[in-house]
Amino acid sequence: MAARRQHQLVAIATLLALVATACGGHSPSPAPASPASPTLRANVGIASLTVSGETRAVGEAYRVTLHLHESAGTAATILAVDLSFTNGSTALLSTHDDQPIAGGSNVCPANGSVDTKEFVVADADVSHAYATAVQAKVTFTDSSTAVATTTSSAAVPALPPTSPQTFTLAGVITDGDTRAGIPGASLSVLNGSNTGKSAVTDSTGTYVMHDLVAETFRLRATASNYDGGEQNVSVPAVPRADFILAKSCGYILTPSSGTVSPGDLLDTFAVTPTTANDCAWTASTPDAWVTIIGPTTGAGSGTIGYAVVPSGVTRTGSVVVSWSTGNARFSFTATASTCPAPTTLTFSSSAGGSFLTMGAGCIRGTTQTIDVPWIHINGTMGGATLLEVSVDANGSGAPRTGHITFVGDSLSTQVTFQQS
């Protein structure tokens with residue numbers, strides 16, 4: 001009985017101990033654990049993209065630089081940059097770079113910025129259109145080794161206008177007589193896209209014309225006191241064009257026209273050069289009834305005379321002065337000449353003489369024919385207006401009659417001689 005009671009007491013004591021513990025008794029409790037600090041993660045963004053394009057001998061090339069910024073306060077390692085180029089909805093080409101930061105550190109500092117190196121991406125596929133946009137993807141990590149990406153896009157600027165390739169043309173301008181270079185000669189393009197381009201020769205006669213586009217054009221060379229020259233030139237196939245210029249020659253006639261009256265029958269005009277070169281000239285006439293008086297050749301200033309054969313009608317004639325590159329014409333009018341009406345002269349049986357007033361036009365414009373041997377023409381006087389005639393003595397014992405007949409171009413008359 002006692003043992004049973006003791007066992008009950010032990011059970012009660014154990015139960016009380018358990019109740020005391022459950023009710024917050026004096027048994028000590030463990031201290032609560034402190035919460036763990038959160039881990040910072042890098043946040044890299046593409047602040048901007050700098051993009052340009054260029055034309056190459058084959059295809060195009062694009063230049064891209066990314067401006068990166070970290071905003072979470074922890075450094076980031078830039079693992080790679082991927083670039084994709086498109087034209088509208090058409091993908092053209094892409095590139096991947098594992099060392100995107102110049103210097104090789106590939107780090108974007110906490111709360112800082114960094115620029116990538118300039119990516120130069122060439123597209124040699126001539127079937128591709130020029131890109132209109134580029135998309136950049138940046139892959140980065142931080143101390144937690146977690147990997148993240150960020151993307152951005154930008155338009156590719158249009159290509160600037162292409163300047164045409166230009167060429168030069170060179171040559172020498174020389175004197176046709178001496179073959180020496182002509183300084184100060186001018187070259188000018190007369191037609192085509194190069195119209196207005198010009199050059200001037202140096203002291204040796206050499207010129208260089210710059211900034212010519214490829215084409216065929218007409219080139220003219222001029223120099224003071226020289227005749228100009230022209231030729232077709234194809235640039236760049238023909239990189240040289242030389243000219244040989246002849247000294248210019250020109251004359252004016254003073255006066256340029258005139259009138260010849262029956263009393264004059266001859267006249268003159270002056271030949272005067274229009275350039276500094278006294279080049280040779282010749283004078284000629286296309287009219288058989290005109291005779292050039294004096295020299296028919298010369299050089300420089302001179303005077304040319306001409307005479308006309310009278311006619312019974314008014315007519316026009318000319319004298320032409322010619323030189324190597326041209327000519328000038330002196331034109332004139334010769335008014336009609338007349339002969340007096342037929343007349344009769346009476347002489348005694350003795351030898352004698354007389355003067356006939358015929359007029360210069362009639363005497364010079366006709367051929368005189370005498371039908372008897374005892375009548376003679378001795379000469380002219382008064383500027384060929386008076387005809388001197390004579391008769392021999394008549395010893396036949398009978399009166400006699402003879403004639404001088406005047407015949408020319410629309411001119412005629414007769415003088416009858418009667419001698420007792």
- Message: Distance check, rounded to the nearest 0.5 Å: Ser234 atom OG versus Phe217 atom CZ?
- Response: 8.0 Å
- Message: Filter on side-chain hydrogen bond (donor to acceptor under 3.5 Å, both in side chains), then keep only pairs touching residues 369-383, sequence neighbours left out; what's left?
- Response: Asp371-His403, His376-Asp392, Asn378-Ser390
- So, Arg56 and Asp123, do they make that salt bridge, N to O below 4.0 Å? no
- Task: Indicate yes or no for a side-chain donor-acceptor contact from Tyr251 to the backbone of Cys279 under 3.5 Å, with no hydrogens or angles considered.
- Result: yes
- Message: For Ser322 and Asn327: C-alpha separation, side-chain torsions, deciding distance, then whether side-chain hydrogen bond (donor to acceptor under 3.5 Å, both in side chains) applies.
- Response: CA-CA 4 Å; Ser322 303; Asn327 62 73; 4.9 Å; no
- Item | Exercise: identify the closest heavy-atom pair between Ala334 and Trp289 | CB-CZ3, 4.1 Å
- Item | Backbone of Ala393 reached by a side-chain donor or acceptor of Ser350 within 3.5 Å | no
- Task: Decide yes or no on side-chain hydrogen bond (donor to acceptor under 3.5 Å, both in side chains) for Ser52 and Glu54, but give the supporting numbers first.
- Result: CA-CA 7 Å; Ser52 64; Glu54 61 189 45; 5.8 Å; no
- Message: Side chains of Val189 and Leu219, heavy atoms from C-beta outward: is any pair under 4.5 Å?
- Response: yes
- Task: Could you check if a side-chain atom of Phe119 sits within less than 4.5 angstrom of a side-chain atom of Val81, using non-hydrogen atoms only?
- Result: yes
- Have a look at Arg315 and tell me which of Thr335, Thr333, Asp409 forms a side-chain hydrogen bond (donor to acceptor under 3.5 Å, both in side chains) with it. Asp409
- Is there any ring pair (Phe, Tyr, Trp, His ring centres under 6.0 Å) pair reaching into residues 70-92, and which pairs are they, with sequence neighbours excluded? Tyr62-Phe85
- Which distance, rounded to the nearest 0.5 Å, do you find between the CG of Asp278 and the OG of Ser301? 7.0 Å
- Query: Which value, rounded to the nearest 0.5 Å, describes the distance between Leu356 atom CG and Thr343 atom OG1?
  - Reply: 7.5 Å
- Query: Going through the distances and angles, do Val415 and Ile375 end up as a side chain to side chain contact (heavy atoms under 4.5 Å, CB included)?
  - Reply: CA-CA 11 Å; Val415 179; Ile375 299 174; over 6 Å; no
- Task: Answer yes or no: is there a side-chain heavy-atom contact under 4.5 Å between Val407 and Thr367?
- Result: no
- Query: Do side-chain atoms of Asn225 reach the backbone of Ser248 as a donor and acceptor pair under 3.5 angstrom?
  - Reply: no
- So, for Glu70 and Asn43, which heavy atoms are closest and what is the spacing to 0.1 Å? OE2-N, 3.0 Å
- Message: Strictly by side-chain hydrogen bond (donor to acceptor under 3.5 Å, both in side chains), give each pair with a member in residues 194-213 just once, sequence neighbours left out.
- Response: Asn194-Glu215, Asp202-Thr204, Thr204-Thr206
- Got a donor-acceptor contact below 3.5 angstrom from the Thr116 side chain to the Leu66 backbone? yes
- Task: Name all residues meeting the disulfide bond (SG atoms under 2.5 Å apart) criterion together with Cys362; count only those two or more places apart in sequence or in a different chain, and write none if there are none.
- Result: Cys339
- For the pair Asp242 (side chain) and Val172 (backbone), establish whether a donor and an acceptor sit closer than 3.5 Å, ignoring hydrogens and angles. yes
- Message: Taking side-chain hydrogen bond (donor to acceptor under 3.5 Å, both in side chains) as the cut-off, I'd like each qualifying pair that reaches into residues 74-94, sequence neighbours left out, listed once.
- Response: Asp82-His96
- Message: What I want to check is whether the side chains of Thr50 and His67 have a donor and an acceptor closer together than 3.5 Å.
- Response: yes
- If every non-hydrogen atom of Thr366 is compared with every non-hydrogen atom of Gly408, which pair is closest and at what distance? CG2-N, 3.7 Å
- Item | Thr55 vs Glu60, side-chain hydrogen bond (donor to acceptor under 3.5 Å, both in side chains): CA-CA, chis, key distance, verdict | CA-CA 5 Å; Thr55 300; Glu60 293 82 27; 5.2 Å; no
- Query: After noting the C-alpha distance and the side-chain angles of Arg218 and Asn191, does the key distance pass the side-chain hydrogen bond (donor to acceptor under 3.5 Å, both in side chains) rule?
  - Reply: CA-CA 6 Å; Arg218 191 73 172 168; Asn191 61 345; over 6 Å; no
- Query: Any side-chain heavy atom of Leu169 sitting closer than 4.5 Å to one from Val208?
  - Reply: no
- Message: Show, in sequence, the C-alpha distance, side-chain angles and deciding distance for Val156 and Tyr130, and conclude whether the side chain to side chain contact (heavy atoms under 4.5 Å, CB included) test is met.
- Response: CA-CA 9 Å; Val156 178; Tyr130 181 72; 3.4 Å; yes
- Message: Any non-hydrogen side-chain atom of Thr416 less than 4.5 Å from a side-chain atom of Leu345?
- Response: no
- Can you pull the side-chain hydrogen bond (donor to acceptor under 3.5 Å, both in side chains) pairs that have at least one residue in residues 146-155, sequence neighbours excluded? none
- Query: Hey, mind stepping through Leu79 and Asp98 against side chain to side chain contact (heavy atoms under 4.5 Å, CB included) and telling me if it holds?
  - Reply: CA-CA 6 Å; Leu79 299 177; Asp98 292 327; over 6 Å; no
- Message: I'd like to check Ile182 versus Leu245 (side-chain heavy atoms, cut-off strictly below 4.5 Å). Are they in contact?
- Response: yes
- Message: Looking at Asp142 and Ala42, would you say the former's side chain and the latter's main chain have a donor-acceptor pair under 3.5 Å?
- Response: yes
- Query: Ignoring hydrogens and geometry, is there a side-chain-to-backbone donor-acceptor pair from Asn394 to Ser420 under 3.5 Å?
  - Reply: yes
- Note on the structure: Note: Ser318 and Thr285 closest approach over all heavy atoms is O-OG1, 2.7 Å
- Message: Strictly distance-based, threshold 3.5 Å: is any side-chain N or O of Gln419 a donor or acceptor partner for the main-chain N or O of Phe347?
- Response: no
- Query: Within the side chain of Thr254, is there an N or O that forms a donor-acceptor pair under 3.5 Å with the backbone of Ala270?
  - Reply: no
- Rounded to the nearest 0.5 Å, how far apart are CZ of Arg220 and CD of Gln231? 12.0 Å
- Message: Distance check, rounded to the nearest 0.5 Å: Asp115 atom CG versus Lys117 atom NZ?
- Response: 14.0 Å
- Between Asn277 and Cys249, is any pair of side-chain heavy atoms under 4.5 Å apart? no
- Query: For Pro286 and Arg329, which heavy atoms make the closest approach, and how far apart are they?
  - Reply: CG-NH1, 4.1 Å
- Task: Would you name the heavy atoms of Ala129 and Leu92 that are closest together and state the gap between them?
- Result: O-CD1, 3.4 Å
- Note on the structure: When rounded to the nearest 0.5 Å, the distance separating CZ of Phe269 from CZ of Phe332 is 9.0 Å
- Message: Between the side chains of Lys247 and Asp227, is the shortest nitrogen-to-carboxylate-oxygen separation below 4.0 Å, so that they form an ion pair?
- Response: no
- Query: Going through the distances and angles, do Phe417 and Val391 end up as a side chain to side chain contact (heavy atoms under 4.5 Å, CB included)?
  - Reply: CA-CA 9 Å; Phe417 290 77; Val391 294; 3.9 Å; yes
- Query: Is there a side-chain contact between Ser284 and Thr296 (heavy atoms, below 4.5 Å)?
  - Reply: no
- Message: Less than 3.5 Å apart, any donor N or O on the side chain of Thr401 or Gln418 sitting next to an acceptor on the other?
- Response: no
- Do any N or O atoms from the side chain of Thr385 and from the backbone of Gly382 form a donor-acceptor pair under 3.5 angstrom? yes
